[in-house]
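Only one structure is covered here, and it is reproduced in the block below.
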Amino acid sequence: MLNFIVNPAALRDEGNTLVTKLKRRLNEAGVEYRFFYSGRAGGVGKYAQALSVVGQRTFIAVGGDGTLNELVSNLRDPSQCTVGLIPAGTGNDFSEAARIPFGVKALDVIIDRLPVYTDYIEFGDGRRSINIAGMGIDVDILERCAKKKHGGGKTKYFHSLLASLMKYKGFDVEITVNGETVKQHALIAAVCNGKFLGGGIPLCPVAEIDDGKMDLIYIDFPKRLKMMKELSCLMQGKILKRTIAHHVVCEEVRIVPSAPQTAQYDGELFHAEELNAKLISGQLLMYRG
């Protein structure tokens, strides 16, 4: 039984049309399914938690990165579950790394392929991330976007990016990884399972979602006059070649800012005093390319 959990707020213009197409394709394939619709914030997680508690094992998120994050974060025991994704949100960074096509075409992956083990990151506070989690200027941009009431998504993001370029001051952080501790004044500190964040920005192009390793990326805060150049390198996937960027392959890491920060977990914002992250491999099965 495939349990589809739909986040209506994440769907683009297709809306009910997408759901109709999904049901038609499922009927043609003779697949058993049910659809559940999240009507409010946190609804996806409540369905995932309730259904996994009563023994359901296969869950398909219909939405974006945030919908998938909420689903995975609320599974009672990911090692007993199989998940899938129908990318339909405004942010679909993980689907790029997982090679899952957009919209109804993603059903071909679910119907025609066997699920494979996919890594995810678990945190000391109980949260999970299947893509990228961290602190820094990317979070500052998201927070500014959330405060803007007017303009489309790309317009708000562009204006927020400009504001962050001029105003963001970085943060002091202590990072402990592979037995060593460093202190930095950072632009970004993030743990990566996937490659992309922020709508296609290749923060860690070398990351793989099934290699049993986590990629720690932390970037020194540059001089203000060099901020645009460094962010341009980030946008082009070249930031790991810059001297201000540090890349460490690991299985566990502790990121402790000098003062509590807002952190993003696959684009979802939460207050955090630290990120105590551990890579979980060989437990969660997923339908993907």
Side-chain angles (χ1 to χ4, degrees), residues 93 97 119-143 164-165 167-198 201-209 211-267 269-281:
D93 289 311
D119 300 340
Y120 66 92
I121 303 168
E122 195 159 78
F123 297 87
D125 60 3
R127 299 191 187 280
R128 297 174 183 137
S129 166
I130 198 166
N131 188 44
I132 294 175
M135 305 171 174
I137 192 170
D138 57 322
V139 175
D140 188 69
I141 295 169
L142 289 174
E143 287 186 305
S164 293
L165 283 173
K167 299 179 180 180
Y168 187 64
K169 298 180 180 180
F171 65 108
D172 292 324
V173 63
E174 182 178 281
I175 300 171
T176 301
V177 59
N178 294 341
E180 298 184 2
T181 298
V182 297
K183 294 183 178 181
Q184 300 288 137
H185 185 66
L187 179 72
I188 292 174
V191 287
C192 306
N193 184 42
K195 303 173 184 288
F196 309 98
L197 84 169
I201 299 171
L203 177 63
C204 189
V206 298
E208 297 293 342
I209 60 176
D211 62 353
K213 298 292 182 180
M214 178 168 53
D215 294 83
L216 165 67
I217 305 293
Y218 60 98
I219 302 173
D220 303 339
F221 193 87
K223 294 181 179 180
R224 186 67 61 179
L225 292 176
K226 295 185 177 180
M227 178 77 83
M228 181 62 78
K229 180 178 180 179
E230 302 298 352
L231 284 180
S232 176
C233 289
L234 174 61
M235 297 289 187
Q236 297 175 56
K238 299 177 180 179
I239 193 64
L240 296 186
K241 298 178 180 180
R242 306 295 295 172
T243 57
I244 66 169
H246 308 271
H247 173 217
V248 182
V249 177
C250 58
E251 296 179 15
E252 297 185 37
V253 62
R254 188 173 183 225
I255 301 172
V256 184
S258 59
Q261 299 281 313
T262 300
Q264 67 86 11
Y265 302 75
D266 304 342
L269 302 180
F270 298 95
H271 178 84
E273 294 185 358
E274 68 175 35
L275 294 179
N276 196 352
K278 181 179 180 180
L279 196 282
I280 307 297
S281 185

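Below, each value reflects all heavy atoms present in this structure, side chains not excepted, and no hydrogens, waters or symmetry copies.
- Phe171 and Phe221 have their aromatic ring centers separated by at least 6.0 angstrom.
- Contact annotation: the side chain of Lys213 never approaches that of Leu279 to less than 4.5 Å [non-hydrogen atoms, C-beta and beyond].
- Side chain of Asp119 to main chain of Gly212: a donor-acceptor pair is present (N/O by atom type, distance under 3.5 Å, no hydrogens or angles).
- Judged by distance alone, the side chain of Asn178 and the main-chain N or O of Val249 form a donor-acceptor pair under 3.5 Å.
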Legend entry - Stepwise salt bridge (charged side-chain N to carboxylate O under 4.0 Å, His left out) test for Glu251 and Lys278: CA-CA 6 Å; Glu251 296 179 15; Lys278 181 179 180 180; over 6 Å; no

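- For the residue pair Phe123 and Ala277, the shortest heavy atom distance occurs at CE2-CB, 3.5 Å.
- Minimum interatomic distance between Leu203 and Ala190 (heavy atoms only, all atoms of both residues): CD2-CB, 3.9 Å.
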Legend entry - Step-by-step side chain to side chain donor-acceptor pair (under 3.5 Å) determination, Asp172 to Gln184: CA-CA 6 Å; Asp172 292 324; Gln184 300 288 137; over 6 Å; no

Inset, instruction - Could you walk me through whether Glu174 and Thr181 pass the side chain to side chain donor-acceptor pair (under 3.5 Å) test, one step at a time? - result: CA-CA 7 Å; Glu174 182 178 281; Thr181 298; 5.4 Å; no

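- The shortest side-chain heavy-atom distance between Asn131 and Asn193 does not fall under the 4.5 Å cut-off.
- In this structure, the side chains of Ile130 and Asp266 come closer than 4.5 Å at one or more pairs of heavy atoms.
- Of all non-hydrogen atoms in Asp93 and Phe196, the two that sit nearest each other are CB-O, 3.4 Å.
- For the pair Lys195 and Glu208, the salt-bridge criterion is met [side-chain N within less than 4.0 Å of a carboxylate O].
- Pairing each heavy atom of Ala272 with each of Ala263, the nearest pair is CB-CB, 3.9 Å.
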Inset, instruction - Given side chain to side chain donor-acceptor pair (under 3.5 Å), test Asp220 with His185 step by step and report yes or no. - result: CA-CA 6 Å; Asp220 303 339; His185 185 66; over 6 Å; no

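- Using a distance-only test at 3.5 Å, with no hydrogens or angles considered, a donor-acceptor pair links the side chain of Gln236 to the main chain of Ser232.
- Salt bridge present: Asp125 and Arg127 bring a charged side-chain N and a carboxylate O closer than 4.0 Å.
- For the side chain to side chain contact (heavy atoms under 4.5 Å, CB included) with Ile217, the qualifying choice from Leu240, Ile188, Ile239 is Leu240, the only one to do so.
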